[in-house]
There are 2 protein chains.
Amino acid sequence: MPKQTFFNLPEEKREKLIDVATDEFAKNSFNSASITKIVEKAGIAKGSLYQYFEDKKDLYKYILELSANKKKEYLIEWMNRLQHLSFIEMIRELYVKGVAFAADNPRLAGIANNFMKENDTKFKEEILGISIEKSNQLFEQLIENAKNKGEVSRNIDTKVAAFLVTNLNTSIVDYMLTYMTYEEIFQNKEELLDKVDKMLFIMENGFKAK
Amino acid sequence: MPKQTFFNLPEEKREKLIDVATDEFAKNSFNSASITKIVEKAGIAKGSLYQYFEDKKDLYKYILELSANKKKEYLIEWMNRLQHLSFIEMIRELYVKGVAFAADNPRLAGIANNFMKENDTKFKEEILGISIEKSNQLFEQLIENAKNKGEVSRNIDTKVAAFLVTNLNTSIVDYMLTYMTYEEIFQNKEELLDKVDKMLFIMENGFKAK
DNA sequence: TTTCTATGTGACTACCCAGTCACTTGCTCT
DNA sequence: AGAGCAAGTGACTGGGTAGTCACATAGAAA
């Protein structure tokens, strides 16, 4: 976490640094992101940055956490309504909110997206603080519940289904951020949400003609 | 492409260089991969490498192409049987072959996997030589045909379905290579193929309980 | 033996990087 | 005014990188 000096900073300066660092980590992987460029763009001395943060990883963790918190804020309303929804409605909401968040906050979504692409699993787990295995367990639980309620077929494999659901979610966001400009994403938000609906239809009913 | 001098090399030396470069690009992104490390491990002088290849990108293209060719060889038998299969059988075969190839050739699959993770679309399209859009068209065609034969529901969106099929394929391979050791992949090949079957079942029939 | 050509070489250039530290600045309290 | 302390600074260290080039070597031809 940042040192106290960082929080003692005047808000404008602090926000500027956060803004610039967000940009850099949204456009580059952890390794490719440059501290030198960040301090130049923020208009501060390199030594100053090391008065605020322990090292590059410390800054990265902080920026990643900020982006995760923004997403949590975005999802909080949804979380409360969660109980009243059927499984497939829940997944649809998750996808829709995920795509909408990425459309409205492409830089923040980009940071998380780049993080997912990191190869070094040790590094990832160190940053997340938890084993990646565990983050799938929430979905597995949801699917099990849906099976018990008769919403989801008992013939499907829970773990495989959880994998499918999470991976498609990240694939959509990755597609948006990798192959569309921020401008295009923003302008085609409705169209993207429509595609999410179409994808959910396939997942609900399958490919097979009846 | 490599210079003539590369092909004039004694086979052993050439293979050694290919082997070492394959390793480096399987473990690192294009930017993180180090020419200096490659020449050290191959036991040649740095100047020599530049007698064989124009630059880093030239070497990368060559290694990537070799890995693609190996995969093509792997798929060639399957390609011939393609006509006799139903759509879902075709997709299953594609996934099974893809997973089996990655299990048997984790380094080669790793190169392609790392390439997919590159952020710079300009770079990717330059290397591929074609627009990424076009590579989806094959699948869209297959799905259209399957709709006409009544194998696939007319209610699903072709483009979205093609996206789903390709992305799940890469997600599975990415999962294998990122979260499993080569050893684990090799030992659990049968289990992985079983998971592919289970995933195909979901895609064929959907989540919904009947 | 001399000459020619192809190939091999590694020190070197010009760059980029994260992180450090001796020093300076500016503010507050006495 | 002076002391003390928190914060700001940028030249510097040590390390990495891709790519170059003047020279060395080796084999073939004359």
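Each chain gets a letter, A, B and so on, in the order its sequence line appears, and its residues count up from 1. Here the structure is a predicted model, which is why all the values come from computation and not from measurement.
Using modelled atom types, one side-chain atom of A:Asp157 and one backbone atom of A:Val160 make a donor-acceptor pair closer than 3.5 Å. In this structure, the side chain of B:Lys46 does not engage the main chain of B:Ile35 through any donor-acceptor pair within 3.5 Å.
Side-chain contact check for A:Tyr179 versus A:Glu184: every heavy-atom pair is 4.5 Å or farther apart.
Among the atoms of the strands shown, none is found under 4.0 Å from any heavy atom of A:Phe53. Nucleic acid contact for A:Ser48: base, since at least one base atom lies under 4.0 Å from a heavy atom of the residue.
In this structure B:Tyr62 satisfies the ring-ring contact (aromatic ring centres under 6.0 Å, His included) test together with B:Phe6, B:Phe53, sequence neighbours excluded. Listed by chain and residue number, nothing satisfies the salt bridge (Lys or Arg N to Asp or Glu O under 4.0 Å) test with A:Asp58 (two or more places apart in sequence, or in another chain).
Side chain to side chain, A:Gln4 and A:Asn8 meet the donor-acceptor criterion of an N or O pair below 3.5 Å.
Whole-Å rounding puts the B:Lys3 NZ to C:dA6 P distance at 13 Å.
Residues B:Lys124 and B:Asp120 are not paired through a salt bridge, judged by the lack of any N-O separation under 4.0 Å between the basic side chain and the carboxylate.
In this model, the phosphate group of C:dG10 is not approached by any side-chain N or O of B:Lys46 to a distance below 4.0 Å at OP1 or OP2.
For A:Tyr50, the side-chain atoms get nearest to C:dG19 when compared with the rest of C:dG19, C:dG8, C:dC17.
Within a heavy-atom distance below 4.0 Å of DNA chain D, no residue of residues 58-66 of chain B is found. Of all the residues in residues 7-36 of chain A, A:Asn8, A:Leu9, A:Lys13 reach under 4.0 Å from DNA chain D with at least one non-hydrogen atom.
Here the range on DNA chain D touched by chain B, meaning any atom under 4.0 Å from one of its heavy atoms, is D:dT17 to D:dC21.
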Counting only pairs under 3.5 Å, give me each side-chain donor-acceptor contact of residues 99-114 of chain B, with atom names and distances, residues two or more places apart or in other chains.
from     : atom 1 : to       : atom 2 : distance (Å)
B:Asp104 : OD1    : B:Lys189 : NZ     : 3.2
B:Asp104 : OD2    : B:Tyr74  : OH     : 2.7
B:Asp104 : OD2    : B:Lys189 : NZ     : 3.2
B:Asn105 : ND2    : B:Phe101 : O      : 3.1
B:Arg107 : NH1    : B:Asp19  : O      : 3.3
B:Arg107 : NH1    : B:Asp19  : OD1    : 3.1
B:Arg107 : NH1    : B:Asp23  : OD1    : 3.1
B:Arg107 : NH2    : B:Asp19  : OD1    : 3.0
B:Asn113 : ND2    : B:Asp174 : OD1    : 2.9
B:Asn114 : OD1    : A:Asn119 : ND2    : 3.1
B:Asn114 : ND2    : B:Phe25  : O      : 3.1
B:Asn114 : ND2    : B:Ala26  : O      : 2.9
B:Asn114 : ND2    : B:Asn28  : O      : 3.4

